[in-house]
Student: 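Below is the structure I would like to discuss, written out as C-alpha cells.
Source: prediction; values computed, not measured.
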Amino acid sequence: MTQLKQQRNGDTLHLHLQGHWELEQLPQIRALLGTLPADPTSFILNAKTAERLDVSAAWLLYDHLQALQQQGKQITIEGLPREYLIWFEKEPAPELQTGSSWLSPVTELGRKSVANFKQAYSAITFFGQSLTSLTGLLIAPGNLRFGAMLHHIFATGISAIPIISLVACLISIVITYQGGGQLKELGATIYTVDMVAISVLRELGVLLTAIVVAGRSGSAFAAEIGLMKTNQEVDALRVMGSNPLLVLVLPRMLALLIALPLLTLIADMLALLAAASIAPFLLDISFSQFFVRVQYGVGLSTFLAGLIKAPFFAMVIAWIGCWQGMQVTGSSESLGEHTTRAVVQSILLVLLLDALFSILFYQFGF
C-alpha cells in the first residue's frame with residue numbers, strides 16, 4: 001500500500017513516505033503528489049520511512065520536487081539513496097546531499113581500491129589466457145604465425161642492438177671510472193675488474209637491457225595493438241574466427257622471449273669490452289690482464305644469475321604491453337594513456353621481479 005503522510009508545521013510541510021513506492025504504483029503516486037497544497041514555502045521529504053523505494057518512484061518524486069523548487073519553494077530530501085541522486089543529476093544539489101564530509105576520503109579510497117582490484121584481475125586473467133593459448137600452441141605448433149614472430153624478433157631485438165650497446169658501454173665506463181677511482185686510493189685497483197664484471201653480469205646488464213626494451217618495445221606493443229583496437233581490427237579478427245591472442249599477442253611474447261636474452265648477452269660482452277678498453281689508461285691493467293682477472297674472479301653462476309632473469313623480464317614486458325594495448329577504448333587519449341601505463345608498469349614490475357630474484361639468490365646461495 002502506498003501512502004504519503006503530511007504534517008504541517010507553519011509554512012513547512014513534512015512528507016513521510018509509507019508503504020511500497022515502486023513502478024506498479026506510479027499512477028497512485030502521481031495522484032498523491034497532485035494533492036499536495038501549493039501554499040507552503042518549504043517542503044521536507046523523508047524517504048527513510050518507505051518500506052520499498054525503487055528508482056522509478058524516486059525519480060517521479062525528485063522531478064516533482066524539482067518543479068516546486070523552480071517555483072521558489074525550499075526543498076529538502078532526507079533518506080533518498082545517494083546513488084539515485086547521482087543518476088538524477090551530475091552533482092547533487094547541496095541541500096540534497098546526505099553523506100557526511102568525512103566520508104568522502106573513505107569513499108574515494110574504496111573507489112580507487114575497487115578500480116585497482118579490477119585492473120589487477122583483468123591483467124591476471126589476460127596472462128592466464130595467454131598461457132592457455134601458448135599451451136595450445138605447443139600442442140598444435142602449426143598455428144604459430146612464424147613470419148610475424150620473425151618480424152617482431154627483428155623489431156625488438158636486432159633493431160635494438162645499437163641503443164643497447166651504447167647504454168651498456170656507457171654504464172660500464174661510468175662504473176669503471178667511479179669505482180676504480182675509489183679503489184685506486186685504497187691500493188685495491190685490481191678489484192675494480194671484479195666489481196665491474198659482477199655488477200654488469202649479475203645485475204646491470206640484464207636490468208638496463210630490460211628497462212630499455214620496456215620503454216622501446218613495451219610501448220610499441222601497446223601502441224600497435226591499441227591502434228588496432230581503435231580501428232576495430234581486433235573485433236574484425238574475432239568476427240573472422242581468429243583468436244587475437246594467437247595472432248597479436250603470442251608472436252610478440254615469443255619474439256621478446258628470444259630477443260631479450262640475446263640482447264643481454266650482447267650487453268654483457270660489450271660492457272666488459274668497454275671496461276677493458278679504458279682499464280689500461282685508468283687502472284694500469286692491460287686488456288689481456290683484465291679478462292684473465294674476469295676469468296679468475298667471476299664464476300659461471302654470476303653470469304647465469306643475470307641470464308636467468310632475462311626470459312622472466314621479457315614475459316613481463318610483453319604481457320603488460322599487450323594487455324595495455326587491449327585495454328584501449330577507442331580514443332587517441334586512451335591510446336596515449338595506456339601506452340604510458342605500459343612503460344611505467346613494465347619497468348616497475350621488472351624492478352620488483354629483480355628484487356625478488358635477488359632475495360631468492362641470496363637465500364639459496366646462488
Student: Starting at CG of Leu335, measure out to NZ of Lys229 and round the result to the nearest 0.5 Å.
Tutor: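 Between atom CG of Leu335 and atom NZ of Lys229 there are 11.5 Å.
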Student: Is there a side chain to side chain contact (heavy atoms under 4.5 Å, CB included) between Cys169 and Leu270? Walk through the geometry before answering.
Tutor: CA-CA 6 Å; Cys169 291; Leu270 291 178; 4.0 Å; yes
Student: Main chain of Thr329, side chain of Ser334: is a donor-acceptor contact present, judged purely on distance under 3.5 Å?
Tutor: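 Present.
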Student: How long is the gap from CD on Gln178 to CG on Leu183, to the nearest 0.5 Å?
Tutor: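 The CD atom of Gln178 sits 11.5 Å away from the CG atom of Leu183.
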Student: Do you know which two heavy atoms are closest between Val249 and Met326, and how far apart they sit?
Tutor: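 That would be CG2-CE, 4.3 Å.
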Student: Are Arg293 and Ile285 packed together at the side-chain level, in the sense that at least one heavy-atom pair is separated by less than 4.5 angstrom?
Tutor: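 Sidechains of Ile285 and Arg293: no contact.
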Student: Are the side chain of Trp319 and the backbone N or O of Ala123 linked by a donor-acceptor pair below 3.5 Å?
Tutor: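 Judged by distance alone, yes, a pair lies under 3.5 Å.
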Student: Quick check on the hydrophobic clustering: are Tyr191 and Val298 connected, directly or via other members, by side-chain heavy-atom contacts under 4.5 Å?
Tutor: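 In one cluster: yes.
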Student: Is any side-chain heavy atom of Ser217 closer than 4.5 Å to one of His152?
Tutor: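 Counting from C-beta outward, His152 and Ser217 never come under 4.5 Å.
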Student: So which atom in Ala214 and which in Ile347 form the shortest heavy-atom distance, rounded to 0.1 Å?
Tutor: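 For Ala214 versus Ile347, the nearest heavy atoms are CB-CG1, 4.0 Å.
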Student: Could you measure the distance from the CD atom of Glu233 to the CD1 atom of Ile225? Nearest 0.5 Å is fine.
Tutor: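 Atom-to-atom, Glu233:CD and Ile225:CD1 are 11.5 Å apart.
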Student: Quick one: pull up NZ in Lys309 and CG in Leu260 and give me the separation to the nearest 0.5 Å.
Tutor: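 One gets 12.5 Å once the value is rounded to the nearest 0.5 Å.
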Student: Would you say Ser159 and Arg216 make side-chain contact, with heavy atoms under 4.5 Å?
Tutor: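 Result yes, sub-4.5 Å side-chain heavy-atom pair found.
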Student: Kindly check if the number of other-residue, nucleotide or ligand heavy atoms within 6.0 Å of CZ (Arg52) is above 12?
Tutor: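 Atom CZ in Arg52 is not packed in, count stays at 12 or less.
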Student: Just wondering, do Leu36 and Leu4 contact through their side chains at under 4.5 Å, heavy atoms?
Tutor: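 The answer is yes, as the side chains (C-beta and beyond) meet within the 4.5 Å cut-off.
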Student: Would you say that Ile75 contacts Gln66 through its side chain, given a criterion of any heavy-atom pair below 4.5 Å between the two side chains?
Tutor: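 No, side chains not in contact.
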Student: Among the clusters formed by ILVMFWY side chains lying less than 4.5 Å apart, do Leu207 and Phe361 turn up in the same one?
Tutor: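 Yes: a chain of side-chain contacts under 4.5 Å links Leu207 to Phe361.
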Student: I'd like to know if the side chain of Gln25 reaches the main chain of Glu22, judged simply by a donor and an acceptor atom lying under 3.5 Å from each other, with no hydrogens or angles considered.
Tutor: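 Yes, Gln25 side chain to Glu22 backbone: donor-acceptor pair under 3.5 Å.
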Student: Any non-hydrogen side-chain atom of Asp354 less than 4.5 Å from a side-chain atom of Leu351?
Tutor: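 Result no, sub-4.5 Å side-chain heavy-atom pair not found.
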Student: Does Ile124 belong to the same Ile/Leu/Val/Met/Phe/Trp/Tyr cluster as Leu250, with side-chain heavy atoms less than 4.5 Å apart forming each link?
Tutor: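 Looking at the clustering, Leu250 is in a separate group from Ile124.
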Student: Has Ser172 got a side-chain atom pairing as donor or acceptor with Ala168's backbone, closer than 3.5 angstrom?
Tutor: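 No: the side chain of Ser172 does not pair with the backbone of Ala168.
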Student: Go through the steps for Phe313 and Val213 under the test side chain to side chain contact (heavy atoms under 4.5 Å, CB included), then give the verdict.
Tutor: CA-CA 10 Å; Phe313 291 171; Val213 170; over 6 Å; no
Student: What's the shortest heavy-atom distance between Asn143 and Leu137, and which atoms?
Tutor: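 Shortest heavy-atom contact: C-CD1, 3.6 Å.
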Student: In terms of heavy-atom contacts, does CZ of Phe357 have more than 12 from other residues, nucleotides or ligands at under 6.0 Å?
Tutor: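 It does: Phe357 CZ has more than 12 such atoms within range.
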Student: Got a second to check how far Ile317's CD1 is from Leu349's CG, nearest 0.5 Å?
Tutor: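 Between atom CD1 of Ile317 and atom CG of Leu349 there are 10.0 Å.
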Student: Report whether Leu352 and Val316 are members of the same hydrophobic cluster (ILVMFWY, side-chain heavy atoms less than 4.5 Å apart, transitive linking).
Tutor: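 Leu352 and Val316: one cluster.
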Student: If you round to the nearest 0.5 Å, how far is CG of Leu237 from CG of Asn243?
Tutor: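 Asn243 atom CG to Leu237 atom CG measures 9.0 Å (nearest 0.5 Å).
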Student: Where do Gly79 and Lys48 come nearest, in terms of heavy atoms and distance?
Tutor: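 Closest approach of Gly79 to Lys48: CA-CG, 3.5 Å.
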Student: Quick check: does any side chain N or O of Asn116 sit under 3.5 Å from a backbone N or O of Lys112, one acting as donor and the other as acceptor?
Tutor: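 Yes, Asn116 side chain to Lys112 backbone: donor-acceptor pair under 3.5 Å.
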Student: If you look at every heavy atom in Asp268 and Val206, which pair is closest and at what distance?
Tutor: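 Heavy atoms of Asp268 and Val206 come nearest at OD1-N, 4.5 Å.
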Student: Are side-chain heavy atoms of Ile320 and Phe127 found at a separation under 4.5 Å?
Tutor: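 A side-chain contact under 4.5 Å is absent here.
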Student: Which atoms form the tightest heavy-atom contact between Ala160 and Ile163, and what is the distance?
Tutor: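 Where Ala160 meets Ile163 most closely, the heavy atoms are O-CG2, 3.2 Å.
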Student: Under 4.5 Å between any side-chain heavy atoms of Glu224 and Arg252, yes or no?
Tutor: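 In short, these two side chains touch, coming nearer than 4.5 Å.
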Student: Report whether Leu282 and Val174 are members of the same hydrophobic cluster (ILVMFWY, side-chain heavy atoms less than 4.5 Å apart, transitive linking).
Tutor: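 No, Leu282 and Val174 fall in different hydrophobic clusters.
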Student: If you count heavy atoms of other groups shown closer than 6.0 angstrom to CZ of Phe146, is the number above 12?
Tutor: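 Atom CZ in Phe146 is not packed in, count stays at 12 or less.
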Student: Has the side chain of Arg30 got a donor or acceptor atom that lies under 3.5 Å from a matching backbone atom of Leu32?
Tutor: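 Side chain of Arg30 to backbone of Leu32: no pair is present.
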Student: Apply side chain to side chain contact (heavy atoms under 4.5 Å, CB included) to Ile278 and Tyr177, showing your working.
Tutor: CA-CA 9 Å; Ile278 65 170; Tyr177 265 97; 3.7 Å; yes
Student: Would Ile266 and Thr209 count as a side chain to side chain contact (heavy atoms under 4.5 Å, CB included) if you check the C-alpha gap in whole Å, the side-chain angles of each, and the deciding distance to 0.1 Å?
Tutor: CA-CA 10 Å; Ile266 294 173; Thr209 300; over 6 Å; no
Student: Just wondering, are more than 12 heavy atoms of other shown residues or ligands nearer than 6.0 Å to CD in Gln6?
Tutor: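 Check passes, neighbour count above 12.
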Student: With a 3.5 Å distance limit and no angle check, can you tell me whether Ser122 reaches the backbone of Lys118 through a side-chain donor-acceptor pair?
Tutor: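 Such a contact is absent between Ser122 side chain and Lys118 backbone.
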